[in-house]
Colleague: 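The following block contains the structure, expressed as structure tokens.
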There are 4 protein chains.
Amino acid sequence: MVEFRVDRGGGLPAYLQLVQQAREALRLGWLRPGDKLPTVREVVATSGVNPNTVLKAYRELEFAGLVEARQGAGTFVKAALGSVEPEVMAELREQLGDWVRTARTAGLEDEDIHALVGVVLTGENNNG
Amino acid sequence: MVEFRVDRGGGLPAYLQLVQQAREALRLGWLRPGDKLPTVREVVATSGVNPNTVLKAYRELEFAGLVEARQGAGTFVKAALGSVEPEVMAELREQLGDWVRTARTAGLEDEDIHALVGVVLTGENNNG
Amino acid sequence: MVEFRVDRGGGLPAYLQLVQQAREALRLGWLRPGDKLPTVREVVATSGVNPNTVLKAYRELEFAGLVEARQGAGTFVKAALGSVEPEVMAELREQLGDWVRTARTAGLEDEDIHALVGVVLTGENNNG
Amino acid sequence: MVEFRVDRGGGLPAYLQLVQQAREALRLGWLRPGDKLPTVREVVATSGVNPNTVLKAYRELEFAGLVEARQGAGTFVKAALGSVEPEVMAELREQLGDWVRTARTAGLEDEDIHALVGVVLTGENNNG
DNA sequence: GTGGTCTAGACCACC
DNA sequence: GTGGTCTAGACCACT
């Protein structure tokens, strides 16, 4: 079961954090079509946000066609995001893990790594 | 000179995007102590946000001790973030570029990649 | 409940006056951890400044780690400043009151007294 | 000779700091009618502000009737502020010094002391 | 009804 | 022409 966490104080709206974490879980295959999302009450209990905030996030996911709320039953995953085979994903993950270890050894912090990934993905070139 | 871009509509507050981009530039060494940040008016011109939004971002950076605003002169970088040698950074970047190419070939989209990086960094293990 | 007042026309920015009054209240124990600050709207009503000015002051206090803004709930004192016992404080206050009376009898105005306190505190010696 | 100091970064306008320091010097008798204020150049050299800023402060003092600018000669004190005898002032200062020592021993910091003085002067009563 | 974000625009302090 | 302060007011996130 996916578990949500909310970090207050970072400026990022709580409901957005929930939406992004759900999307991430879908991306990585932690959530697959048919899976049940935690109930609003469970999310409230584990993350400390207001029920309405959770509802808003779930509504947003439903609007995006990713989940489906079934009255009295809960909220369920409707569509998948990404379709990479688990084995391929695992392989990529291992390779990335190696690289991350190298980067950390070189002195990069997590924030540096995120920044570098962003740059490489957008293909910006500030190598001069 | 660093150039800021603001993507409205993503829910992420404009001033936060500016703060993060500045931090990223510091992280990657694009901005070094003593460097001048674009003036408020320049950012307004290139990104389309309101001057006060830029001021708020700059103030946040100042609070964090990263930059220093000098009345009538501009805003300048005060402290560095991270101190990895450019050559090392370039090497890491190349390796990461290779991995990204592999990942994309396997069908991962940018969002998948970001999610995977996040997971690997936090060391979460949902393989089981 | 602490009540803020803003004196326009003294050149001192309104938001700074609010910050200083809050700090003063914390210093003197009028505000203690957990206490609720007046809402933005209340301050607006009692002091006549703009809501954004109050927000700026509250944000500054939050940056300083003194208060905590809880969305939809209000702004609350997080940390104490100084920790002198109320009785000790009262005793000191009484002694100071005596001295002030003497000083005023001698012809000193409030501004003189403030100046003299500043000098004594910084230990400057221009008796020369 | 009075020496001005300017503390940037406190939010308080530089020219106001100069004005207040001049007033304080007049209050405490460090500057007496006929005395010469430091030249603009000297202030610039010792405080690091812009000449125009000093000029603005001196203009303000002149407007208040406290000083007088004599072309080519400098700026001179015209009027006194406060008229307490030096011996009385010294006596008060000594008494205040005793009280300050007591307060500091009790754990009060300078900021607490300033706050307390402000409260006693305005006669506010929050003793409950 | 709470605080937070953003805008448009005026005016000030400073270089 | 630089950053800083403040206003008026709209709209959003959250309790």
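We name chains A, B, ... by the order of the sequence lines, and we start the count at 1 in each one. The shown structure was predicted, so the numbers you read here are calculated from the model rather than taken from an experiment.
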Colleague: Between T53(D) and L12(B), which is nearer to the 5' end of DNA chain E once each is assigned its nearest nucleotide?
Modeller: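 Its nearest nucleotide lies further toward 5', so the answer is L12(B).
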Colleague: One pair to check against side-chain contact (heavy atoms from CB on, under 4.5 Å): Y58(A) and L37(A). What are the steps and the verdict?
Modeller: CA-CA 9 Å; Y58(A) 278 19; L37(A) 263 62; 3.7 Å; yes
Colleague: Look at the side chain of T122(C) and the backbone N and O of G118(C), then say whether any donor-acceptor pair between them is shorter than 3.5 Å.
Modeller: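 Judged by distance alone, yes, a pair lies under 3.5 Å.
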Colleague: Atom CG of D7(A) and atom P of dC14(F): how far apart are they, to the nearest Å?
Modeller: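 The answer, rounded to whole Å, is 13 Å.
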Colleague: Considering only heavy atoms, which members of residues 64-79 of chain C lie under 4.0 Å from some atom of DNA chain E?
Modeller: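 Only A69(C), Q71(C), G72(C), G74(C), T75(C) qualify.
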Colleague: Where do H114(D) and V117(C) land on the side-chain contact (heavy atoms from CB on, under 4.5 Å) test, with the steps shown first?
Modeller: CA-CA 8 Å; H114(D) 265 127; V117(C) 170; 4.1 Å; yes
Colleague: I want to confirm an ordering. Mapping K56(A) and V40(B) to their closest nucleotides on DNA chain F, which one lands closer to the 5' end?
Modeller: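 It is V40(B) whose nearest nucleotide is closer to the 5' end.
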Colleague: If you walk 5' to 3' along DNA chain E, what is the first nucleotide with an atom under 4.0 Å of a heavy atom in chain D, and what is the last?
Modeller: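 Reading along DNA chain E, I get dA13(E) to dC15(E).
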Colleague: Across the strands shown, which category fits R59(C) at heavy-atom distances under 4.0 angstrom: base, sugar-phosphate, nothing?
Modeller: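 Touches sugar-phosphate only.
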Colleague: Would the distance check show the side chain of T53(B) and the main-chain N or O of V49(B) forming a donor-acceptor pair, the cut-off being under 3.5 Å?
Modeller: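 No: the side chain of T53(B) does not pair with the backbone of V49(B).
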Colleague: Would the distance check show the side chain of Q17(B) and the main-chain N or O of L12(B) forming a donor-acceptor pair, the cut-off being under 3.5 Å?
Modeller: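 Side chain of Q17(B) to backbone of L12(B): a pair is present.
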Colleague: Salt bridge check: are R27(C) and E109(D) linked by an N-O gap of less than 4.0 Å?
Modeller: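 Salt bridge present between R27(C) and E109(D).
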Colleague: Please report how far the helix from dG1(E)-dC14(F) to dC14(E)-dG1(F) bends, comparing the axis fitted to its first five pairs with the axis fitted to its last five, to the nearest 10 degrees.
Modeller: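 Inter-axis angle at the ends, rounded: 20°.
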Colleague: Measuring from L66(A):CG to E62(A):CD, what's the distance to the nearest 0.5 Å?
Modeller: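 Between atom CG of L66(A) and atom CD of E62(A) there are 10.5 Å.
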Colleague: Distance-only, no hydrogens or angles: does the E42(C) side chain make a donor-acceptor pair with backbone N or O of T39(C) under 3.5 Å?
Modeller: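 Yes, E42(C) side chain to T39(C) backbone: donor-acceptor pair under 3.5 Å.
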Colleague: How far does CZ of R70(C) sit from NZ of K36(C), to the nearest 0.5 angstrom?
Modeller: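 So the gap between those two atoms works out to 10.0 Å.
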Colleague: Between Y58(B) and V49(A), who's closer to the 5' end of DNA chain F by nearest nucleotide?
Modeller: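 Closest to the 5' end, via its nearest nucleotide, is Y58(B).
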Colleague: Does Y15(B) reach a base, just sugar-phosphate, or nothing at all? Heavy atoms under 4.0 Å.
Modeller: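 It contacts sugar-phosphate atoms only.
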Colleague: Let me know, please, whether P51(D) or R41(B) comes out on the 5' side of the other along DNA chain E by nearest nucleotide.
Modeller: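 In this pair, the answer is R41(B).
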Colleague: Remember a base hit wins even if backbone is also touched, and classify L16(A) as base, sugar-phosphate or nothing at under 4.0 Å, heavy atoms.
Modeller: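 Here L16(A) touches no strand at all.
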Colleague: For residues F4(C) and T46(C), report the shortest heavy-atom separation together with the two atoms involved.
Modeller: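 Looking at all heavy atoms of both residues, the shortest contact is O-OG1, 3.8 Å.
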Colleague: So does R5(B) get a backbone contact from the side chain of Q21(B), meaning a donor-acceptor N/O pair under 3.5 Å?
Modeller: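 Yes; at least one donor-acceptor contact below 3.5 Å.
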